[in-house]
**Q** 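Just dropping this structure here.
Lettering follows sequence order; numbering is per chain, from 1.
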Amino acid sequence: MKRYLEVLGLFWSTAIAAELEYRANFLIALLSSLGNLIGSLFGLSLFYRTGYNFEGWSWEETLVVLGIFTLLQGFSSTFLSPNLNKIVQQVQQGTLDFVLLKPISSQFWLSTRTLSPWGLPDLIFGLVLIGYAGQQLGLGLSNYLFSIIPLIFGLASLYSLWFMLGATSIWFVKIYNVTEVLRGLLEAGRYPMVAYPAAYRFFFTFVIPVAFLTTIPAEAMLRRAELSWVTGAGFLALGLLYATRAFWKFALRFYTSASS
Amino acid sequence: MNQTLRKTRTFLWVYYAYMVEYRAELILWVLSGSLPLILMGVWIEAAAGGQFGLRPVDFARYFLAAFIVRQLTVVWVVWEFEREVVEGRLSPRLLQPIDPVWHHVASHVSERLARLPFALLLVGLFFLLYPQAFWVPSLGQFLLFLLVIVLAFVLRFLIQYTFAMIAFWTERASALEQFWMLFFLFLSGLIAPLEVFPPLVRQVTLWTPFPYLVYFPASILIGLPVNLGQGFLAMLGWSGLFFGLNRWLWRRGLKQYSGMGA
């Protein structure tokens with residue numbers, strides 16, 4: 001365990017050192033995040049402008065959902081996409097060989113090798129949005145703490161889905177855009193689930209668990225989540241994490257290496 | 001004339017073969033454009049409960065049309081061009097007796113043909129699941145739509161190819177495109193038809209090129225009232241502007257180009 005932490009420290013400090021070579025990127029990332037935030041608020045305001053509201057969700061409460069969604073976007077562009085989108089590349093070029101030879105879990109290596117600080121603005125804006133909405137709604141510290149648990153479950157589920165999709169490249173080499181499909185579907189997390197018709201709700205709860213990523217943590221923060229849903233999120237996260245591990249081991253049996 | 005025709009055919013044929021090679025990838029690209037279909041759900045639900053001036057079924061049709069428009073006007077030239085410049089692969093293309101842009105045009109056009117069957121399959125599936133939304137545009141509407149969608153593709157391509165020119169000066173021309181995409185996402189009508197925008201925002205947006213890339217063609221396909229004359233003028237105007245800018249940057253850029261790595 002200690003060794004893994006040490007390795008993690010090395011991975012991330014080198015990654016940050018490398019990324020800081022391109023400081024102008026930070027300005028671009030900041031502007032993009034800001035534009036994205038304004039656009040998201042605009043998109044949401046189109047619904048609330050005429051007095052309509054998502055059933056049982058006031059404007060501020062919906063902002064909490066949007067804040068968590070922004071946070072999630074920041075998390076995926078910091079930790080997930082720089083690592084997991086590279087699995088495909090490793091398989092294609094055969095460099096996965098070198099990863100497998102290392103005396104460390106290959107899943108760990110592939111999942112944490114680098115991080116990109118350019119997701120930081122999204123993380124900050126997400127927190128600001130949640131903070132603003134929380135203040136308007138008079139949320140206390142306990143509300144925030146209570147939502148951290150389902151939020152972590154959500155992040156774990158997201159990671160697992162992303163990793164499994166990336167791992168399918170062992171069989172279908174040229175599918176670097178499979179994660180784009182996932183990312184497209186995740187956009188549904190911008191709005192609380194009640195905003196969708198029943199069929200959509202079913203799909204985004206049981207097929208692609210978007211509901212567990214944003215709506216359930218938001219409900220937990222607003223103290224209206226039922227315990228059964230939070231427990232469900234926990235089981236889902238643990239199940240998916242376990243499935244990811246098993247799936248990766250299974251996939252490696254089919255890895256035949258390339259050009260080496 | 002004859003020779004141009006032959007060249008065109010060869011180009012399209014070669015790039016079509018390329019595209020069909022990576023079918024799985026293509027299907028995934030089709031699926032990744034699911035945003036309009038997701039928003040369709042929210043708007044159908046909203047239209048059933050609130051006052052938005054459009055019926056749920058209008059929203060269903062609108063977003064389906066937006067999905068189709070998006071499928072037919074996807075452009076990625078800036079990423080390809082950027083790589084060509086950075087890796088110096090543009091150099092051999094410059095030696096060919098044809099402007100390199102035609103390679104990109106051919107690959108985009110033939111990709112449309114390869115993508116079409118999957119997109120149509122999805123549209124069929126949609127009508128199967130939601131038969132109330134089924135409609136058939138009149139012949140006039142359809143022909144008008146074809147014309148507008150070609151113009152929309154041309155405009156989108158010209159804009160992105162102009163951004164691509166910046167690759168001669170910096171390594172990250174695609175960042176410009178990504179930034180532009182934000183405005184495209186929120187103002188083109190992809191997230192909502194312009195009917196539900198606040199009037200002022202709507203007026204301003206109609207002066208920009210964005211709504212003519214999604215909202216305008218989609219509205220024509222489903223028969224929402226739009227100002228045709230203004231739409232065509234705006235599309236031609238913006239296309240002309242970007243064409244001029246593009247050619248100017250191209251000439252300046254070639255002088256700058258050092259053929260790195262080739």
**Q** Taking atom CD as the centre, does B:Q256 end up with more than 12 heavy-atom neighbours from other residues, nucleotides or ligands that are less than 6.0 angstrom away?
**A** yes
**Q** Should the heavy atoms of other residues, nucleotides or ligands under 6.0 Å from CZ of B:F183 be counted, would the total exceed 12?
**A**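 Open: at most 12 neighbouring heavy atoms sit under 6.0 Å from CZ of B:F183.
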**Q** Can you tell me which of B:G33, B:P198, B:S32, B:A48 forms the most heavy-atom pairs within a distance under 4.5 Å of chain A?
**A** B:P198
**Q** With only heavy atoms counted, which part of B:V201 is less than 4.5 Å from chain A, the side chain, the backbone, both or neither?
**A**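 The answer is the side chain of B:V201.
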**Q** As an exercise, state the distance from CZ of A:F42 to CG of B:L185, rounded to the nearest 0.5 Å.
**A**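 The distance works out to 11.5 Å.
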**Q** Could you tell me which non-hydrogen atom of A:I28 sits nearest to which non-hydrogen atom of B:A175, and how far apart they are?
**A**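 Nearest pair, atom of A:I28 first, then B:A175: CD1-CB, 3.9 Å.
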**Q** Tell me, out of A:S40, A:S45, A:A199, who's got the most heavy-atom pairs with chain B below 4.5 Å.
**A** A:S40
**Q** Using side-chain heavy atoms (C-beta onward) and a distance below 4.5 Å, is B:I38 in contact with A:F204?
**A** yes
**Q** Which heavy atom in A:R49 sits nearest to a heavy atom in B:F197, and how many Å separate them?
**A**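 In this case the closest contact between A:R49 and B:F197 is NH2-O, 3.5 Å.
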**Q** Quick check on B:L39 against chain A: is it the side chain, the backbone, both or neither that has a heavy atom closer than 4.5 Å?
**A** side chain
**Q** Roughly how far, to the nearest 0.5 Å, is CG of A:L182 from CG of B:L28?
**A** 11.5 Å
**Q** Would you say B:W207 has more than 12 foreign heavy atoms packed within less than 6.0 Å of its CH2?
**A**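 Count not over threshold, so no.
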**Q** Is it true that atom CH2 of B:W13 has more than 12 heavy atoms of other residues, nucleotides or ligands lying nearer than 6.0 Å?
**A**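 It does not: B:W13 CH2 has 12 such atoms or fewer within range.
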**Q** Counting heavy atoms not belonging to A:F202, are there more than 12 under 6.0 Å from its CZ?
**A** no
**Q** Distance check, rounded to the nearest 0.5 Å: B:L35 atom CG versus A:L185 atom CG?
**A** 10.0 Å
**Q** Do other residues, nucleotides or ligands put more than 12 heavy atoms under 6.0 Å from the CD atom of B:Q51?
**A** no
**Q** Mind checking whether B:F52 and A:T50 have side chains closer than 4.5 Å, heavy atoms only?
**A** yes
**Q** Can you name the closest pair of heavy atoms from B:L182 and A:S32 and give their distance?
**A** CD1-O, 3.2 Å
**Q** Could you tell me whether the side chain of A:F47 reaches within less than 4.5 Å of the side chain of B:V196, counting heavy atoms only?
**A** no
**Q** Do B:E45 and A:F54 come close enough that some side-chain heavy atom pair is under 4.5 Å?
**A**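 They are not in side-chain contact.
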**Q** Heavy-atom distance under 4.5 Å between the side chains of A:V181 and B:S34, does that happen here?
**A**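 A:V181 does not reach B:S34 side chain to side chain.
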**Q** Relative to chain B, which segment of A:R201 carries a heavy atom at a distance below 4.5 Å: side chain, backbone, both, or neither?
**A** side chain
**Q** Any chance CD of A:E226 has more than 12 other-residue heavy atoms, nucleotides or ligands included, within less than 6.0 Å?
**A**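 No, the 6.0 Å shell around CD holds no more than 12 heavy atoms from other groups.
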**Q** Measure the spacing between CZ of B:F186 and CG of A:L41 and express it to the nearest 0.5 Å.
**A**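 B:F186 CZ to A:L41 CG: 9.0 Å, rounded to 0.5 Å.
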